[in-house]
Amino acid sequence: MGQRREPRTETRLPVRIFGTDALGKVFSESVFTLDISREGAKLSGVQAKVKIGEIVGISHGPNKSRFAVRWVGQPGTPREGQLGVQNITPEKNIWDVAVPSLGVDSYARPSAAGSDRRQNPRMKCSSSIQLHPEGQAAPIWGKALDLSTGGCFVEMPMPLPRGTRLKLGLWLNQTKLTLNGKVVNSRPGFGVGIQFLDLPAHDAEYLRQFLKSITQIPS
């Protein structure tokens, strides 16, 4: 499960976790935290079978955010029913109690075993994006909240079905990229994860340079 370096606060808070389980079924459960931090939490009492790497929604009171499942307690162990989750939109702090100052958490890095399915590092951003789903005349406007050379997550209350093919108009500063994509993740109430398809070399390079301009990533 890695070596956690981000300080955490032990506290029991009621939360709701919802998403899609390992069998592809939608679930929603009331559970509790065991500890929390600015970018993560340990949950207890989870009945749904959730895969490592899955994106789930977690709400506490009126606040909610998207979290990635980083580890799952195994049946028959003291950690059964527990999940370790990391907030993938950390600017949305859902906790109403004080948490320690932000530190480094190695859960944010892909493991050597490759449990994080994402192959390209994602960077937080806020870029306008226009979606043109196949067979639909009217475009849909959204906001790309994270971005990589392989895809992006678009915030929208009524997400498109998984597998939808679409044309994308992505604005990066004053430049518009016209891309092909496919919906690979659909989260009601949150948005869609989009994989870029057949990305031209010059667009891929422009995108990589844009990502380097907003944060340092390996060359």
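Here, residue 1 is the first one in the sequence, and each next residue gets the next number.
Side chains of L207 and L179 form no contact here, defined as non-hydrogen atoms less than 4.5 Å apart. Residues L166 and I194 have side chains in contact (heavy-atom distance under 4.5 Å, counting atoms from C-beta outward). Proximity of L168 to F196: side-chain heavy atoms (C-beta onward) are separated by under 4.5 Å at one or more points.
With sequence neighbours excluded, the residues that form a side-chain contact (heavy atoms from CB on, under 4.5 Å) with L34 are K42, S44, Q82.
Taking every heavy atom of both residues into account, R66 and N87 meet most closely at O-OD1, 3.1 Å. Shortest non-hydrogen contact noted between G45 and V31 is O-CG1, 3.5 Å. S59 and K64 make their closest contact through CB-CB, 3.7 Å (heavy atoms, listed as atom of the first residue, atom of the second, distance). Across all their heavy atoms, I140 and P133 have their closest contact at CD1-CG, 4.0 Å. Taking all atoms of both residues into account, the shortest heavy-atom contact from E10 to D35 is CA-CB, 3.9 Å. The minimum heavy-atom distance between S213 and F210, with the atom names listed, is OG-O, 2.5 Å.
Checking side-chain atoms of R70 against main-chain N and O of V85 turns up no donor-acceptor pair under 3.5 Å. Looking at W71, its side chain never comes within 3.5 Å of a backbone N or O of I52 through a donor-acceptor pair. Side chain of Q47 to main chain of E29: no donor-acceptor pair is present (N/O by atom type, distance under 3.5 Å, no hydrogens or angles). A donor-acceptor pair is defined here as one N or O able to donate and one able to accept, closer than 3.5 Å; such a pair exists between the side chain of T33 and the backbone of L13. Between the side chain of Q74 and the backbone N or O of V72, at least one donor-acceptor pair lies under 3.5 Å. Proximity of a side-chain donor or acceptor of E80 to a complementary backbone N or O of G76 within less than 3.5 Å is detected.
One distance of note links CD of E39 with CG of N93; it measures 10.0 Å at 0.5 Å rounding. Interatomic distance, CD of Q136 versus OG1 of T164, reported as 9.0 Å (0.5 Å rounding). Note that the CG atom of L145 and the CD atom of E155 stand 4.5 Å from one another [nearest 0.5 Å]. To the nearest 0.5 angstrom, L160 atom CG is 14.0 Å from R165 atom CZ. In this structure, CD1 on I58 lies 6.0 Å from CH2 on W95, to the nearest 0.5 angstrom. Rounded to the nearest 0.5 angstrom, L147 CG and L170 CG are separated by 6.0 Å.
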Derivation of the side chain to side chain contact (heavy atoms under 4.5 Å, CB included) call for S127 and K143 = CA-CA 6 Å; S127 301; K143 188 74 71 175; 5.8 Å; no
Could you give the side-chain donor-acceptor pairs of residues 21-28 under 3.5 Å, partners two or more places apart or in another chain?
residue : atom : partner : partner atom : Å
D21     : OD1  : L23     : N            : 2.9
D21     : OD1  : G24     : N            : 3.1
D21     : OD1  : K25     : N            : 2.9
S28     : OG   : R16     : NH1          : 2.7

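Under a hydrophobic clustering in which Ile, Leu, Val, Met, Phe, Trp and Tyr are joined whenever their side-chain heavy atoms come within less than 4.5 Å, directly or via other members, L43 and I94 fall into the same cluster.
Sequence neighbours left out, the pairs with a member in residues 130-151 that pass ring-ring contact (aromatic ring centres under 6.0 Å, His included) are W141-W171.
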